[in-house]
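These notes concern the structure reproduced below.
The chain is numbered in sequence order, starting from 1. Because only heavy atoms are used, hydrogens play no part in the values below, and waters and symmetry mates are left out as well, while side chains stay in.
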Amino acid sequence: MKVIDVSLYGGKSIFGGRERPLEASVISCDKHESCSYYNNGQCLKMRSFLSPSCKYGDRTDIKGYTSRAKKYHEFKRKWESHEQYNKLKYPPKKLGLIDGEVVFPYPFVKITKSEEGKWAVKEPGFGSSIAFIPIEEFDINLINQICGYKPNALMGGEIKSYQDETVPLFLSHLKEVLPHLYEQVIKMNEDIVKNIDYKGREVLLSSLKPCVVEYRSKKYPKFNEKWHWDGELLHYKEGYVDKPRVVQMDEVISFQIKPKKDAVIKITSNDQVDEDTVFVD
């Protein structure tokens, strides 16, 4: 199996407390070339607290040293110089496809296979909700179950966020990962996809058509910004910008930014999205 990522954990915490020895986590996989997560720079085998892991691949954790040890810097340099160092990150909860299997990792719902060989939706309980389903068995009937499901909270009552947030997110992921199934869903029930909402999702800025993009702060709206994206540069429209300090100034008249190629922004309007938009979440 090919090494696809090397990450370092441990060391001194920014919150203080006892220093933990560095630890190198080496992930190898022979399914990466047929993995939709890997194609987005992500991997389900990465460490993520209380998050489900991929059934494929292998992760080897190699214990190192604290900063007081003589071999600390040698160990650190060895893994930081690896060609796959920090190449991947843990993905968001998103539909995936790995070597002909659909990966379903959403909250508040669990998909299991009965003794009769049929997949069905059920309450997740306290276990992991991730499921690996052969693509030929991930059919319209199961998709309809997923979209129509209404989970119950432990204290009673429906978990409204599943229908309001999870189902629209799942459908938008279905459109990206399995477009042929998405088209079948539309033909059977056009109303089911009318409520797909892209707002809040992250995309590559370079994949957007010319439009107004924004930064919005929930706690500090005075820092909100609006920019016009022309396909190459961001042009300041209104809101907060960090002022140059060469002279005192009254207001910003013109301000342009050339973003990095992999710059990411959050969608603030569904009108920003078209068939060329590349999502990263």
Side-chain angles (χ1 to χ4, degrees), residues 2-9 25-29 31-48 54 57 77 79-98 103 169 172-179 182 196-218 223-244 252-281:
K2 178 183 176 181
V3 174
I4 59 173
D5 184 83
V6 171
S7 300
L8 286 175
Y9 299 90
S25 182
V26 182
I27 298 176
S28 304
C29 187
K31 303 287 187 183
H32 63 283
E33 292 182 352
S34 58
C35 176
S36 63
Y37 297 112
Y38 180 82
N39 290 336
N40 284 329
Q42 302 162 348
C43 179
L44 276 169
K45 208 72 175 181
M46 300 284 292
R47 289 189 188 184
S48 183
C54 188
R77 282 195 300 269
W79 295 111
E80 285 182 340
S81 63
H82 196 286
E83 61 180 357
Q84 301 302 327
Y85 180 69
N86 278 356
K87 286 289 185 179
L88 305 174
K89 60 182 180 179
Y90 191 85
K93 286 182 170 59
K94 179 178 182 178
L95 196 74
L97 186 62
I98 303 176
V103 185
L169 184 62
S172 64
H173 290 160
L174 184 69
K175 184 178 180 181
E176 298 158 35
V177 180
L178 298 167
Y182 177 81
I196 292 181
D197 191 353
Y198 297 104
K199 294 192 290 290
R201 292 197 59 191
E202 294 184 338
V203 301
L204 284 179
L205 175 60
S206 59
S207 72
L208 289 183
K209 60 186 178 182
C211 61
V212 174
V213 298
E214 299 181 53
Y215 167 76
R216 294 177 181 176
S217 172
K218 291 182 179 179
F223 294 127
N224 289 356
E225 307 169 16
K226 277 190 178 180
W227 300 76
H228 181 265
W229 168 245
D230 66 4
E232 182 180 359
L233 300 175
L234 284 169
H235 303 265
Y236 172 76
K237 287 181 65 69
E238 62 182 68
Y240 175 84
V241 291
D242 193 16
K243 297 178 181 180
V252 176
I253 303 299
S254 178
F255 205 130
Q256 296 180 350
I257 297 175
K258 185 174 183 179
K260 293 182 177 180
K261 291 182 180 180
D262 58 352
V264 171
I265 63 113
K266 283 189 176 182
I267 293 296
T268 53
S269 169
N270 289 325
D271 295 334
Q272 295 170 305
V273 177
D274 63 14
E275 63 275 7
D276 296 320
T277 303
V278 178
F279 292 89
V280 298
D281 64 353

Inset, instruction - Could you walk me through whether Y215 and Y240 pass the ring-ring contact (aromatic ring centres under 6.0 Å, His included) test, one step at a time? - result: CA-CA 10 Å; Y215 167 76; Y240 175 84; 9.2 Å; no
Inset, instruction - Go through V203 and V273 one step at a time and tell me if the side-chain contact (heavy atoms from CB on, under 4.5 Å) criterion holds. - result: CA-CA 9 Å; V203 301; V273 177; 5.6 Å; no
Legend entry - Option among V278, I267, D274, D276 that satisfies the side-chain contact (heavy atoms from CB on, under 4.5 Å) test with L208: I267
Non-hydrogen atoms of [X] and [Y] that approach each other most closely:
| X | Y | value |
| --- | --- | --- |
| W79 | Y85 | O-CD1, 3.4 Å |
| S206 | K261 | OG-O, 3.7 Å |
| T277 | Q272 | OG1-O, 4.0 Å |

Could you measure the distance from the [atom1] atom of [X] to the [atom2] atom of [Y]? Nearest 0.5 Å is fine.
| X | Y | atom1 | atom2 | value |
| --- | --- | --- | --- | --- |
| H228 | H235 | NE2 | NE2 | 7.5 Å |
| L44 | Y37 | CG | OH | 5.0 Å |
| D5 | C43 | CG | SG | 7.0 Å |
| E225 | I257 | CD | CD1 | 7.5 Å |
| W229 | L205 | CH2 | CG | 4.0 Å |
| H173 | F279 | NE2 | CZ | 8.0 Å |

Please examine the side chains of [Y] and [X], heavy atoms only from C-beta on, and report whether any two atoms are closer than 4.5 Å.
| X | Y | result |
| --- | --- | --- |
| D262 | V280 | no |
| C29 | K45 | no |
| I98 | C35 | yes |
| D271 | C211 | no |

Legend entry - Backbone N/O of G239 and side chain of N224: donor-acceptor pair under 3.5 Å: no
Inset, instruction - Report the C-alpha separation of V3 and H82 in whole Å, then their side-chain angles, then the decisive distance to 0.1 Å, and conclude whether the side-chain contact (heavy atoms from CB on, under 4.5 Å) test is met. - result: CA-CA 10 Å; V3 174; H82 196 286; 3.8 Å; yes
Legend entry - Any donor-acceptor N or O pair under 3.5 Å, side chains R201, S172: yes
Inset, instruction - Tell me, yes or no, whether the heavy-atom count around K209 atom NZ, taken from other residues, nucleotides or ligands under 6.0 Å, exceeds 12. - result: yes
Legend entry - Residue E33 excluded, over 12 heavy atoms near CD under 6.0 Å: no
Inset, instruction - Evaluate side-chain contact (heavy atoms from CB on, under 4.5 Å) for R47 paired with S25, printing each intermediate quantity in order. - result: CA-CA 8 Å; R47 289 189 188 184; S25 182; 4.1 Å; yes
Quick one: side chains of residues 88-96, donor-acceptor pairs under 3.5 Å with protein atoms, not counting sequence neighbours, listed by atom name and distance.
{"unit_1": "Y90", "atom_1": "OH", "unit_2": "P52", "atom_2": "O", "d": "2.4"}
{"unit_1": "K94", "atom_1": "NZ", "unit_2": "E176", "atom_2": "OE1", "d": "3.2"}
{"unit_1": "K94", "atom_1": "NZ", "unit_2": "D281", "atom_2": "O", "d": "2.9"}

Inset, instruction - Not counting sequence neighbours, list each pair that qualifies as a ring pair (Phe, Tyr, Trp, His ring centres under 6.0 Å) and has a residue in residues 252-273. - result: W227-F255
Inset, instruction - Begin with the C-alpha distance, continue with both residues' side-chain angles, and end with the deciding distance and a verdict on side-chain contact (heavy atoms from CB on, under 4.5 Å) for V213 and T268. - result: CA-CA 7 Å; V213 298; T268 53; 6.0 Å; no
